[in-house]
Amino acid sequence: MALLPILCFPDPKLHTVAKPVLEVDERIRALIADMLQTMYDAKGIGLAATQVDVHERLIVIDVSEERDDPLVLINPQMVWTSDETHLNEEGCLSVPGIYDGVERFDAVTVSALNSEGKSLVIEAEDLLSVCIQHEMDHLMGKVFVEYLSPLKRDRIKKKMLKALREEQR
Ligand code: K1U
Ligand code: ZN
C-alpha cells in the first residue's frame, strides 16, 4: 500500500471528467487500497480518484466514527434524489483549511459496483448522502468551492496559491 499525493485546488487537473472503470481487476483493487490508506491518513471521510490524479470513476468513503466501515463505489450512478435539500458545511482534502455551506439533496440512491465488481445499491442520507454527492462531483471535475460566490472562490484561490508559493520557498 502507498500514500498517494492529493491534488490541491486550483490545480486544473481537478477539473478532468473521469471515465468509467472498464474492469475491476488487481490494478483497481491496488488503487482502492492506496486511496483508503490516503483518505484515513488525511483524516478525510471520502476521496475520489480524481483527487489522486487518476481519472476513472472510483470513490472511497468512510463516515463511521470508528473509521472501520469503508465503502467503495465504482462507476457510481445517481438513480434517485430527494425533493428536499439542505445547506451543509463541507470541507475538501483538495482545499485544505476551507469550510463552507453547500446546498445538497437530503437523500440519494446510488447504484455502483463494489471492489469485487458486484452491483450494489446504496440509499444514503445525512453525512453519507452529502459525502457521496461531494465525491461524485469530483468525478465530474467539480470542486465544492464552485458552488460558492465568485468573490469567495477567488479569495480561496489566492489563499491556496499563496500557501503553495510559501511551501515551495
Ligand atoms: O473529497 C474530499 O475532499 C473529502 C472530504 C469529504 C467531505 C467532507 C465534508 C462534507 C462533504 C464531503 C473530507 O473528508 S474533508 C475533511 C473532513 O473530514 C470533514 C470536513 C467537514 C465535515 C466532516 C468531515
Ligand atoms: Zn473534496
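Both counts, for ligands and for their atoms, begin at 1 and track the order of listing. Nothing here was measured: the structure is a model prediction, and the numbers come from that model.
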With the 4.5 Å side-chain cut-off for hydrophobic clustering, are Leu128 and Val108 part of the same group?
yes
Does anything in residues 21-34 pair up under side chain to side chain donor-acceptor pair (under 3.5 Å), and if so which pairs, sequence neighbours excluded?
Glu26-Arg29, Arg27-Glu56
Enumerate the residue pairs fulfilling side chain to side chain donor-acceptor pair (under 3.5 Å) with a member in residues 107-126, sequence neighbours excluded, ordered by first and then second residue.
none
Atom pairs and distances, ligand 1 N/O vs protein N/O under 3.5 Å:
from     : atom 1 : to     : atom 2 : distance (Å)
ligand 1 : 1 (O)  : Gln51  : OE1    : 3.2
ligand 1 : 1 (O)  : His134 : NE2    : 3.2
ligand 1 : 1 (O)  : Glu135 : OE1    : 3.0
ligand 1 : 1 (O)  : Glu135 : OE2    : 2.7
ligand 1 : 1 (O)  : His138 : NE2    : 3.4
ligand 1 : 3 (O)  : Gln51  : NE2    : 2.9
ligand 1 : 3 (O)  : Leu93  : N      : 2.7
ligand 1 : 14 (O) : Ile45  : N      : 2.7
ligand 1 : 18 (O) : Lys43  : O      : 3.1

Please determine whether a side-chain nitrogen of the Lys or Arg among Asp154 and Lys159 lies less than 4.0 Å from a carboxylate oxygen of the Asp or Glu.
no
Return yes if a side-chain donor-acceptor contact under 3.5 Å exists between Asp100 and Tyr147, otherwise no.
no
Will you find, in the side chains of His86 and Glu103, an N or O donor that is under 3.5 Å from an N or O acceptor?
no
Leu73 and its side chain to side chain contact (heavy atoms under 4.5 Å, CB included) partner, picked from Ile132, Leu139, Leu58:
Ile132
Protein N, O or S atoms less than 2.8 Å from the Zn ion (ligand 2), ignoring waters?
Cys92 SG, His134 NE2, His138 NE2
Any side-chain heavy-atom pair from Asp83 and Phe105 closer than 4.5 angstrom?
no
Show the numbers, then the answer: is there a side chain to side chain contact (heavy atoms under 4.5 Å, CB included) between Met35 and Ile59?
CA-CA 8 Å; Met35 283 176 59; Ile59 63 185; 5.6 Å; no
